[in-house]
Enquirer: 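What follows is a single structure, and I will ask about it in a moment.
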Amino acid sequence: MICYAVIDTNVLVSALLSSKDDSATVQIVGHLICGTIIPIYSNAIVKEYREVLCRKKFGFSSEAVDYLLSAIEKYGMLVEPCPSGMVLPDMKDLPFYEVVLEKRSDDAYLVTGNIKHFPQEPFIVTPRELLDIFENCK
């Protein structure tokens with residue numbers, strides 16, 4: 001199964017911080033690198049990824065950050081979304097929501113560790129929920 005997904009920044013941070021290869025976030029990034037998840041992104045999302053992943057408090061190597069972001073840009077789909085007019089609890093999450101709305105015709109998901117920051121929608125899922133969706137489609 002191949003799916004389209006907007007990956008929230010917190011999923012990438014969690015994956016890079018994880019010491020467990022079988023954690024849901026690490027598996028999501030693995031699917032992204034292997035091509036079973038086609039990342040959907042906008043310029044605003046990539047800008048946030050870079051800014052957050054380069055924060056000194058995380059200590060991620062520039063090589064790891066560059067590799068991940070280049071994979072997202074190389075294998076992903078750049079989208080420039082239309083404004084939705086939606087108000088979210090954390091407005092910094094709006095670019096992720098608007099990008100997934102643009103690609104809903106492709107059955108895209110928004111994968112986040114902060115479900116409460118978004119409206120309750122069946123296409124907004126946690127990393128574990130997306131992995132369960134993969135399992136049920138085999």
Side-chain angles (χ1 to χ4, degrees):
M1 172 182 163
I2 293 178
C3 79
Y4 295 91
V6 179
I7 309 295
D8 199 350
T9 311
N10 61 65
V11 174
L12 300 180
V13 169
S14 180
L16 291 173
L17 288 174
S18 181
S19 60
K20 299 180 180 183
D21 291 341
D22 64 344
S23 75
T25 57
V26 169
Q27 290 181 61
I28 292 295
V29 170
H31 280 289
L32 188 149
I33 301 291
C34 292
T36 50
I37 291 177
I38 307 298
I40 307 169
Y41 64 93
S42 67
N43 290 323
I45 289 174
V46 171
K47 182 179 177 186
E48 178 177 318
Y49 287 163
R50 185 164 300 284
E51 186 259 302
V52 172
L53 296 176
C54 289
R55 289 180 183 163
K56 288 183 183 184
K57 71 178 182 177
F58 295 125
F60 303 141
S61 72
S62 59
E63 293 82 11
V65 171
D66 288 344
Y67 176 79
L68 182 57
L69 296 183
S70 65
I72 289 169
E73 292 178 316
K74 182 175 181 178
Y75 301 113
M77 181 182 302
L78 176 63
V79 172
E80 287 306 320
C82 296
S84 67
M86 183 65 132
V87 176
L88 299 177
D90 184 348
M91 289 303 286
K92 289 185 281 185
D93 291 323
L94 190 59
F96 297 88
Y97 186 70
E98 290 179 337
V99 167
V100 79
L101 289 180
E102 282 293 316
K103 298 309 290 178
R104 281 302 302 143
S105 61
D106 294 323
D107 290 330
Y109 294 92
L110 192 160
V111 185
T112 181
N114 293 325
I115 291 287
K116 67 182 186 274
H117 289 188
F118 297 95
Q120 280 191 315
E121 298 282 356
F123 57 87
I124 300 175
V125 298
T126 66
R128 173 59 46 207
E129 289 170 334
L130 187 60
L131 292 173
D132 290 344
I133 291 166
F134 274 151
E135 280 300 311
N136 292 333
C137 290
K138 286 184 177 179

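These numbers come from the heavy atoms of this one structure, side chains and all, not from hydrogens, waters or symmetry mates.
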Enquirer: Measuring only between side-chain heavy atoms, which start at C-beta, is K20 closer than 4.5 Å to V26?
Expert: no
Enquirer: Please name the residue in the list N10, L17, L16 that meets the side chain to side chain contact (heavy atoms under 4.5 Å, CB included) test with V13.
Expert: L17
Enquirer: What side-chain hydrogen bond (donor to acceptor under 3.5 Å, both in side chains) pairs are there with at least one residue in residues 77-101, not counting sequence neighbours?
Expert: N43-E80, S84-E98, D93-H117
Enquirer: Distance from Y67 atom OH to K74 atom NZ, nearest 0.5 Å?
Expert: 9.5 Å
Enquirer: Could you check whether any side-chain heavy atom of E48 comes within less than 4.5 Å of a side-chain heavy atom of F96, counting everything from C-beta outward?
Expert: yes
Enquirer: Does CG belonging to D22 count more than 12 external heavy atoms closer than 6.0 Å?
Expert: yes
Enquirer: Find the distance between SG (C3) and CD1 (I38) and round it off to the nearest 0.5 Å.
Expert: 8.5 Å
Enquirer: For the CD1 atom of I115 and the CD atom of E121, what is their distance to the nearest 0.5 Å?
Expert: 11.0 Å
Enquirer: Quick check: does any side chain N or O of Y41 sit under 3.5 Å from a backbone N or O of E73, one acting as donor and the other as acceptor?
Expert: yes
Enquirer: For the residue pair Y49 and L68, establish whether any side-chain heavy-atom pair is separated by less than 4.5 Å.
Expert: no
Enquirer: Any chain of hydrophobic side-chain contacts (each under 4.5 Å) joining V100 to Y75?
Expert: no
Enquirer: Give me the atom names and distance for the closest heavy-atom approach of T25 to P127.
Expert: CG2-CG, 3.9 Å
Enquirer: Write down the atom of I72, the atom of L12, and the distance for their closest heavy-atom approach.
Expert: CD1-CD1, 4.1 Å
Enquirer: State which residues pass side-chain hydrogen bond (donor to acceptor under 3.5 Å, both in side chains) with Q27; sequence neighbours excluded, sorted by chain then number.
Expert: none
Enquirer: How many angstroms lie between atom OG of S62 and atom CG of L69, to the nearest 0.5 angstrom?
Expert: 11.0 Å
